[in-house]
Amino acid sequence: GAAMQRFLGPLLCLCALRLPAGSGAAARGLDVASYRERVRAMFYHAYEHYLESAFPYDELRPLTCDGQDTWGSFSLTLIDALDTLLILGNVSEFQRVVNVLQEGVDFDIDVNASVFETNIRVVGGLLSAHLLSRKAGVEVEAGWPCSGPLLRMAEEAARKLLPAFQTPTGMPYGTVNLLHGVNPGETPVTCTAGIGTFIVEFATLSHLTGDPVFEDVARKALKALWKNRSDIGLVGNHIDVITAKWVAQDAGIGAGVDSYFEYLVKGAILLQDKELMSMFLEYNKAIKNYTKFDDWYLWVQMYKGTVSMPVFQSLEAYWPGLQSLIGDVDNAMRTFLNYYTVWKQFGGLPEFYNIPQGYTVDKREGYPLRPELIESAMYLYRATRDPTLLELGRDAVESIEKISKVDCGFATIKDLRDHRLDNRMESFFLAETIKYLYLLFDPDNFIHNDGSDFDVVVTPYGECVLNAGGYIFNTEAHPIDPAALHCCRKRKEEQWEVEDLMREFYSQKKTKKFTLKRAPNHGEGGSAKDPEDASSEKAGEKRNSKKSSHSLLSCPSQSFNSKLAVLGQVFLDNT
């Protein structure tokens, strides 16, 4: 009773405080432009000290003004911060860094790397920078966006990760040696997120390069998790990728699981894939049924549904943003306001927060400047314009500047109770935290484009539209332009026109050079068609039967949510 009262008290008064969305931040005197400039200054304070004191190491150590390698040895902070530079409008530095990375980054190194982290930070960062490079004024090569130095680097990094996926289940190992592949004696236990967080980057790679292997392994891993969910529809935290036995059976939306759910939704939107969305909607029902209490989410035993830990983890704060992506804004807002009360209690989100006790959990009192609550605020502000969301942004700027700013950058907060600091500045601070803060305060940023403005690019496969908006952020806040996925392979219904032109071209000029530029068409069939074969009547019939393939930029009239709501439809294990 009393604990529950304490549990609900702050929530009830918070809801009462909510003003209608139209009341505007101006009414509360929050100067968006000045906060935007403060965020920009925060970025450069951290970035310049990284370059000065830490480059070419992965990360800055802000208390000692030096650098350290953390996730590999590839100047990680530079790769992670690259697209943030463009979002802040700094094209000259973006161009300089692109050159530095081309010269200096090598993935042929004897380093044990996290498959998950290398994918989201390195592959994701390089893909995003590749797709934005023309916008940033980089001179791109003729085949762009289907070729380019950053794309080749992204592909090289991703290839180094492929050996991890060679398991009986298709679920990857968590660690791979970039030179030798999976180490003998490597642990077969991987967390759920480390298995289900590849589809955004790997499908993008496959669509741009024409090599289906990346998307194939990512999908196989996603489906293996789905197949191994419990009878009540939940997945645990860690699984053995050889035997498919669950090692940690805690089910929740936070650490170890988080981005699996995120990538089902984002993969569905990016690829217009109903199956991924229906998987998520099934999970969403189970999560609501078993883990949700009073707009908080707890951890439960995956088979029984009994509560195992009544804690909120700061990593879970991405969930309201994800709910907003499927149109569930009211629930998202209620959960966001719960999480915001915790922020206000500490001036940051502790890694773990005991919900019934309303306090931090022993040894988990730190805040490493994570982005998740700010990320949710950014999404929800786009959806509602509720000024409360700008207030979280304001609180984050004030808090981070007051507690964590040091002469050499911004330091991880080791303990939110006494504001002790740790000698670390994670690369996600510049990749995500700063980016989402800036985008929250910059309503006119090109990232928020509503489609009224776009570029038309001529590729070897015809014209395609880019930078029209609708960017999908990977889980390290690297934006991927969904339209780019349609640039590098011909649409089925137009294929015959292109092939007629190609045949004319071939009869005039049989050179090898042009043939190499044609990416294999890895559509449904997966085989590359030679232009000469395409004259057969059968190929024509086959194409017409596949008219349903999505147009270049499908803009469904009904919301994506309702279009893909196949609620109540249960998929069999073997689909």
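With sequence neighbours excluded, the residues satisfying ring-ring contact (aromatic ring centres under 6.0 Å, His included) with Phe473 are Tyr436. Taking Phe214 as the reference, Phe202 meet the ring-ring contact (aromatic ring centres under 6.0 Å, His included) condition, with sequence neighbours excluded.
Remark: Arg382 CZ is packed, more than 12 non-hydrogen atoms of other residues, nucleotides or ligands lying under 6.0 Å away.
Side-chain N or O atoms of Gln68 include none that pairs as donor or acceptor with a backbone N or O of Leu60 at under 3.5 Å. In this structure, the side chain of Ser399 engages the main chain of Gly347 through a donor-acceptor pair within 3.5 Å. A side-chain donor-acceptor contact under 3.5 Å links His130 to the backbone of Pro145. Looking at Asp83, its side chain never comes within 3.5 Å of a backbone N or O of His478 through a donor-acceptor pair. Counting only distance, with no hydrogens or angles, the side chain of Thr192 and the backbone of Gly236 share a donor-acceptor pair below 3.5 Å. A donor-acceptor pair under 3.5 Å is absent between the side-chain atoms of Ser73 and the main chain of Asp69, judged by distance alone. A distance-only check finds no donor-acceptor pair linking the side chain of Asn474 to the backbone of Gly124 [under 3.5 Å]. Judged by distance alone, the side chain of Asn445 and the main-chain N or O of Leu439 form no donor-acceptor pair under 3.5 Å. At least one donor-acceptor pair under 3.5 Å links the side chain of Asn423 to the backbone N or O of Leu63. Side-chain atoms of Ser114 never come within 3.5 Å of backbone atoms of Thr175 as a donor-acceptor pair (strictly under, hydrogens ignored).
Looking at Arg424 and Glu426, a side-chain N of the basic residue comes within less than 4.0 Å of a carboxylate O on the acidic one, giving a salt bridge. At a threshold of 4.0 Å, the pair Arg40-Glu37 counts as salt-bridged, since one of the basic side-chain nitrogens sits closer than that to a carboxylate oxygen. In summary, Arg219 and Glu215 engage in a salt bridge, as defined by a charged side-chain N under 4.0 Å from a carboxylate O. In summary, Glu201 and Arg121 do not engage in a salt bridge, as defined by a charged side-chain N under 4.0 Å from a carboxylate O. Salt bridge present: Glu351 and Arg370 bring a charged side-chain N and a carboxylate O closer than 4.0 Å. Ion pair Arg394/Glu398 not flagged as a salt bridge, since none of the NZ, NE, NH1 or NH2 atoms sits closer than 4.0 Å to an Asp/Glu carboxylate oxygen. Remark: Glu375 does not engage Lys435 in a salt bridge, criterion side-chain N to carboxylate O under 4.0 Å. Look at Lys402 and Asp395 and you find no salt bridge, because none of the NZ, NE, NH1 or NH2 atoms lies under 4.0 Å from a carboxylate O.
Ring to ring, Tyr50 and Tyr57 are not that close: their centroids are 6.0 angstrom or more apart. In this structure, Phe43 has its ring center no closer than 6.0 Å to that of Tyr438. Checked against the 6.0 Å centroid threshold, Phe312 and Trp319 do not count as a close aromatic pair. When ring centroids are compared, Tyr339 and Tyr353 stay outside the 6.0 Å threshold.
Between the side chains of Asp66 and Ser53, no donor-acceptor pair of N or O atoms lies under 3.5 Å. Side-chain polar atoms of Thr412 and Asp422 form no donor-acceptor pair below 3.5 angstrom. In the model, Asp250 has no side-chain atom that pairs as donor or acceptor with a side-chain atom of Asn237 under 3.5 Å. Of the N and O atoms on the side chains of Ser314 and Glu372, not one donor lies less than 3.5 Å from an acceptor on the other residue. No side-chain N or O of Gln323 forms a donor-acceptor pair with one of Tyr379 less than 3.5 Å apart. Between the side chains of Thr197 and Ser259, a donor-acceptor pair is found at a separation under 3.5 Å. With 3.5 Å as the limit, one finds no donor-acceptor pair spanning the side chains of Thr77 and Glu59.
Between Phe198 and Phe165, the ring planes are perpendicular. Angles over 60° get that label, and only those under 30° would be called parallel.
Annotation: side chain of Leu82 is in contact with side chain of Leu101 (closest heavy-atom distance under 4.5 Å). Side-chain contact between Leu30 and Glu391 is present, with at least one heavy-atom pair separated by less than 4.5 Å. For the pair Ile326 and Asn284, the minimum side-chain heavy-atom distance is below 4.5 Å. Residues Met425 and His49 have side chains not in contact (no heavy-atom distance under 4.5 Å, counting atoms from C-beta outward). Residues Val329 and Leu380 have side chains in contact (heavy-atom distance under 4.5 Å, counting atoms from C-beta outward). Two residues are said to be in side-chain contact when any heavy atoms from C-beta on lie closer than 4.5 Å; Tyr297 and Ile253 meet this criterion. Using a 4.5 Å heavy-atom threshold, the side chains of Asp211 and Leu205 count as separate. Considering only heavy atoms from C-beta on, Trp144 comes within 4.5 Å of Ser133 through its side chain.
Cys pair Cys487 and Cys146 fails the test of SG atoms under 2.5 Å apart.
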#### Entry: Full working for salt bridge (charged side-chain N to carboxylate O under 4.0 Å, His left out) between Arg152 and Glu141
CA-CA 12 Å; Arg152 287 188 285 276; Glu141 52 188 64; 3.0 Å; yes
### Message
Applying side-chain hydrogen bond (donor to acceptor under 3.5 Å, both in side chains) to Asn90 and Tyr44, what does each step give before you reach the verdict?
### Response
CA-CA 11 Å; Asn90 192 339; Tyr44 285 112; 3.0 Å; yes
#### Entry: Worked verdict on Glu275 versus Trp226 for side-chain hydrogen bond (donor to acceptor under 3.5 Å, both in side chains)
CA-CA 11 Å; Glu275 188 187 7; Trp226 172 250; over 6 Å; no
### Task
Evaluate the side-chain hydrogen bond (donor to acceptor under 3.5 Å, both in side chains) criterion for residues Asn338 and Asp295: first the C-alpha distance (whole Å), next the side-chain angles of each, then the deciding distance (0.1 Å), finally the verdict.
CA-CA 7 Å; Asn338 274 354; Asp295 299 304; 5.2 Å; no
### Message
Quick one, Glu155 with Arg159, criterion salt bridge (charged side-chain N to carboxylate O under 4.0 Å, His left out). Give me CA distance, side-chain angles, the key distance, then yes/no.
### Response
CA-CA 6 Å; Glu155 183 180 2; Arg159 279 205 193 280; 2.8 Å; yes
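Separation of atoms OH (Tyr283) and CG (Leu264) is listed at 6.5 Å; rounding is to 0.5 Å.
Cation-pi geometry between Lys135 and Phe446 is met: the NZ or CZ atom falls under 6.0 Å from the ring centre, inside 45° of the normal. Within the cation-pi definition used here (under 6.0 Å to the ring centroid, within 45° of the axis), Arg334 does not qualify as a partner of Phe336. At least one cation-pi condition fails for Lys344 and Phe346: the charged atom is not both under 6.0 angstrom from the six-membered ring centre and inside a 45 degree cone around its axis. Judged by the 6.0 Å and 45° rule, Arg36 forms no cation-pi pair with Phe441.
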